[in-house]
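What follows is a short report on a single structure.
No experiment lies behind these values; they were computed from the predicted model shown.
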Amino acid sequence: MTFRWSRWSPQLALLPAGLVTLVAFIGAILWTVYLSLTRSRRLPDYAIDWSEWGRQYQRLFNDDAWLISLQNLIVLGLGSALAIVFGFILAAMIDREKRGESIFRTVFLYPLAISLIVTGAAWRWIFNPELGAEHFIHSIGLTWVNASWLARPETAMYGVILASVWQSAGFYMALMLAGLKSINSEIWSAARLDGVGLFRLYTEIIIPMMKFTFVTCAILLSLGVIKAYDVIVAMTNGGPGQSTYVPAYFTIQALSAKGNLGFASAAAVLMLLITAVIFLPLVMLTAWQQQRHGAAK
Amino acid sequence: MNDLTMAQRALGADIAVRSAPYFPRKKKAITGRSVAVIVFLSICALFFCIPLYVVVVTSFKTMDQIREGTMFALPNIWTLEAWDHAWNSACSGTRCEGLKVGFWNSVFILVPSLILSIGLSIVTGYALALWNVKWAGPFLFILFICAFVPFQIIMFPLISMTATLKVYGSIWGVAIIHAVLAMPVLTLIFRNYYKDIPQEIMSAAVMDSGSFWKIFFEIVLPMSGNILIVVLILQITSIWNDYLIGVTFGGMGAQPMTVNLANLITISTGTVRYNDNMAAALLTAIPPLVIYFFVGKLFVQGITAGAIKG
Amino acid sequence: MPRVSFEHITKNYGLMKVLDDLNLSIDDGDFLVLLGPSGCGKTTLLNLLAGLLDVTDGRIMIGERDVTDLDPKDRGLAMVFQSYALYPTKTVHGNLKFGLSASKLPRDEIEQRITWAAKLLQIEPLLHRKPGQLSGGQRQRVAIGRALVKNVGVFLFDEPLSNLDAKLRTEMRLEIKKLHDQLKSTIVYVTHDQIEAMTMATKIAVMNGGVIQQFGTPDEIYERPANLFVAGFIGSPAMNLRKARLSLAGAKVEAVFGSGVRFDVSDYPFITPPQEGAEVIAGLRPEHFVLTANGPFAATFTVPVQYAERTGPDASAYFTFENDLLALRVEPDAAAKLTPGQSMTVSYLKGKANLFDARTGQRM
């Protein structure tokens, strides 16, 4: 084969992206994994004591803040799942009742356009213990209501969840709406002819038809929850105490505030593992879908 | 590489583009159920609007009125004092120069970040979709995985690398990191779009010119109008709204507006001026909100296509 | 001198062998049609020539040059695609101009060629329109124009007419034929439409299963199909193929059918001497039957009418023969008189039968 420049230009064009992938992703991940096995403090220390390579991980699971982080991850995940439910309800209503569709869509989606720092700032202000919503609620006589959630460790996570749901429900609504619209309109007519009630129609026909959309939403949500960082910074800064720590926040805190590189790396590796656990079903689902697709042909 | 298409579809990338067909509004009588649905939706809409309302009214209030604790009341006296203060002299950390510093940093970060991130991924997506390259399948798969990698796992190495390259703490450092982190997702978006260009057009172009770059600039780029706008909006909003990359790589000199805002609301020195905070929050939110209200449809397409960014 | 030649071409897709040791050479000025059903490898062969695919093994020559390892743009070819493949964002003028982008010509030469091609194809008024504003036929002309401006010796056409409606297709067929006569260029044209092949080609290569079944002029292909595949593929209604057995009696050779009908094939140009009792398949063209008994025919026999079809200027009649349908071309007037079930006397013209070896399927 003679040398052909035309064969090489596309390959060369891929070089930057290839390098980025190799260095900034693959290389960096391996680097962090390596660091997690060392005793690195503020600066990297590349000696590994193989007799206790798991030392950072051990420390991690002895660290209350990390355990709280994991717990909060689950709480946040379950709580934020409300956004999917809420999103579906909104989508179903908008889809059936066409009046005002574009206005409602616009309103439900706008939080997505703003920075989570702004979202956090707004909700932080609403939850302000002295001057916020609580003051207002008490002033209209409902003095038994406690609305300064962020000030108490037991309720602070709920505040974060509320803000997250507010921010992301519109997004899931948009995905659900797209899913609903891809359902053949004849199904609705058929159901009406058969006299199927609305509730049964949704639970027995529509939702099963949209399971793929639901799975998609669930995976996106999980990945979003693992990455949750900005909203914590803006709303609680992890507090009160360490009650709103999540892994993303914990890891960065360990690196930048505590300056504990090996420890932070171990936390990051665990974050990657959690992501992989969520990601794996997606890959399998995709493979399954493809297989089914292939079989259909 | 059909599996990637499927995976992307799994992530709603395709759904969004097909979404929102124009439905002619049916003229039908309002039934009781319709009323109930509209009432419910309106209450939800109210819930979505409350934070914005509170932020807006607070930003126009005086501190005196805020201290009364009437959060939902309209301002007694409408004043731009807080806005002026937030823009010009609010304290972010130890510096009290207002948000304008961060605003301009954000603008200066935005431009090179957009150029780098879109430039890198559009070429990569084009090469992967339309040219016969070795290992294209495995490479796409790796990119797909990279799109999900949490930032924390590559954070320290990236800090180290940017420090070695002497761009840490500069606008260029932030821009490079934006380009790096956006590359996998944007590449997949572009690749999925270009994959639909008919093979025969590429064959014709290869026979006519054969030049990778000439075909890109003369044939493919002019055909990318839609996707470019969608990606542009996606990138503008996500770069503008970014906090983590800015705070990590901006150092002292190149902190974007979101970092200023976060400092303003979390680090309190003396009495907290809530009206300043809210004005600052609004100032930060206005650019993406303007984009949203003007080109909402494209924004939604972008955000769903880039959903894997999380 | 051959203009284009394929030498021992092998092409694999993964483990699948699409073409195996294929040889073909095309003379200068020939209009070669690669004809075959879909999946027969004709488009693969064209793409190999264009350089859009790489050969697994073998050599492709254009003129004196070995182009096997050359880029498509350097092979001195122009191609017209099935979907026209016009650049949607460029005007017609831009489309034609981009066709010359690899050639590094001076600007006025480029303009001159565009003007020439536009004039030749009568697309001058369209030069500043975008492909989206053109009709199918106009797009087709532009696609041809984009090939013409390159001023090359060899043009490739990949089913260029299949997206046009019937009327336009006939028009463009003539037009391409005219262009070929005018420019005296070599054309390689891929199609599955035998009418296109028969009307335009100077040479046809019938392909099936990656193998060239027969290569020859349209008349050769039609009148002396090399094997059963070609016999069955070319012609509409298709050639009637029936099993028979040879019977030799002195100089007289006959093909005897199961029903006892005997065809005199003494004048058949056998390649190898006929064997008594050899199993053959007789190929009988529908148009070589006549509805009369008077004359020196190869055979005359009586069969029942099944039904008749009239297609305006033409008509076909179907008879029951050997438990199968026998297609005949008849005069429309005669067809009108046929009623199902009626027995008719039909005769077959002398010297027109085709005989194939029943075992190999090859022409005898």
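- Proximity to chain B (any heavy atom under 4.5 Å) is shown, for A:Leu221, by neither the backbone nor the side chain.
- Between A:Leu14 and B:Trp131, the closest side-chain pair of non-hydrogen atoms is not below 4.5 Å.
- Nearest heavy atom pair, residue A:Ala234 against residue B:Thr266, reads O-CG2, 4.3 Å.
- Between the B:Asn241 side chain and the A:Ala113 main chain, a donor and an acceptor come within less than 3.5 Å of each other.
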For A:Ile252 and B:Met155: C-alpha separation, side-chain torsions, deciding distance, then whether side chain to side chain contact (heavy atoms under 4.5 Å, CB included) applies. CA-CA 9 Å; A:Ile252 291 177; B:Met155 178 174 160; 3.8 Å; yes
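- Heavy-atom neighbours of chain B within the stretch residues 26-34 of chain A, taken at a separation under 4.5 angstrom, comprise A:Ile26, A:Ala28, A:Ile29, A:Trp31, A:Thr32.
- Remark: B:Tyr243 pairs with no residue by the side-chain hydrogen bond (donor to acceptor under 3.5 Å, both in side chains) rule, at least two apart or across chains.
- Of the atoms belonging to B:Leu52, heavy atoms from both backbone and side chain fall under 4.5 Å from chain A.
- Contact of the A:Leu112 side chain with the B:Tyr292 side chain is not registered, since no non-hydrogen atoms from C-beta on lie closer than 4.5 Å.
- Residues B:Phe48 and A:Leu90 have side chains in contact (heavy-atom distance under 4.5 Å, counting atoms from C-beta outward).
- Side-chain contact between B:Leu244 and A:Asp230 is present, with heavy atoms from C-beta onward closer than 4.5 Å.
- Neither the backbone nor the side chain of A:Val225 comes within less than 4.5 Å of any heavy atom of chain B.
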Determine, stepwise, if the pair B:Val37 / A:Arg96 fulfils side chain to side chain contact (heavy atoms under 4.5 Å, CB included). CA-CA 9 Å; B:Val37 165; A:Arg96 284 292 77 203; over 6 Å; no
Using a 3.5 Å cut-off and no angle test, enumerate the donor-acceptor pairs between side-chain atoms of residues 276-283 of chain A and protein atoms at least two apart in sequence or in another chain.
none

What verdict does the side chain to side chain contact (heavy atoms under 4.5 Å, CB included) test give for B:Ile142 and A:Phe25, after you've listed the backbone C-alpha separation in whole Å, the side-chain angles of each residue and the deciding distance to 0.1 Å? CA-CA 10 Å; B:Ile142 293 174; A:Phe25 287 94; over 6 Å; no
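- For the pair B:Pro51/A:Trp166, a side-chain contact is recorded, criterion being any heavy-atom separation below 4.5 Å from C-beta on.
- Considering only residues two or more places apart in sequence or on other chains, B:Asp276 meets the salt bridge (charged side-chain N to carboxylate O under 4.0 Å, His left out) condition with B:Arg273.
- When side chains are defined from C-beta on, A:Trp125 does not count as touching B:Ile265, because their heavy atoms never get closer than 4.5 Å.
- Two residues are said to be in side-chain contact when any heavy atoms from C-beta on lie closer than 4.5 Å; A:Thr21 and B:Phe139 meet this criterion.
- Heavy-atom distances place both the backbone and the side chain of A:Tyr110 under 4.5 Å from chain B.
- Both the backbone and the side chain of B:Ser42 come within contact range of chain A, each with at least one heavy atom under 4.5 Å from a heavy atom of that chain.
- If you measure heavy-atom distances from B:Phe216 to chain A, you find no contacts under 4.5 Å at all.
- Proximity to chain B involves both the backbone and the side chain of A:Leu272, based on heavy atoms less than 4.5 angstrom apart.
- Proximity to chain B (any heavy atom under 4.5 Å) is shown, for A:Pro16, by both the backbone and the side chain.
- Residue B:Phe47 touches chain A through both its backbone and its side chain, counting heavy-atom pairs closer than 4.5 Å.
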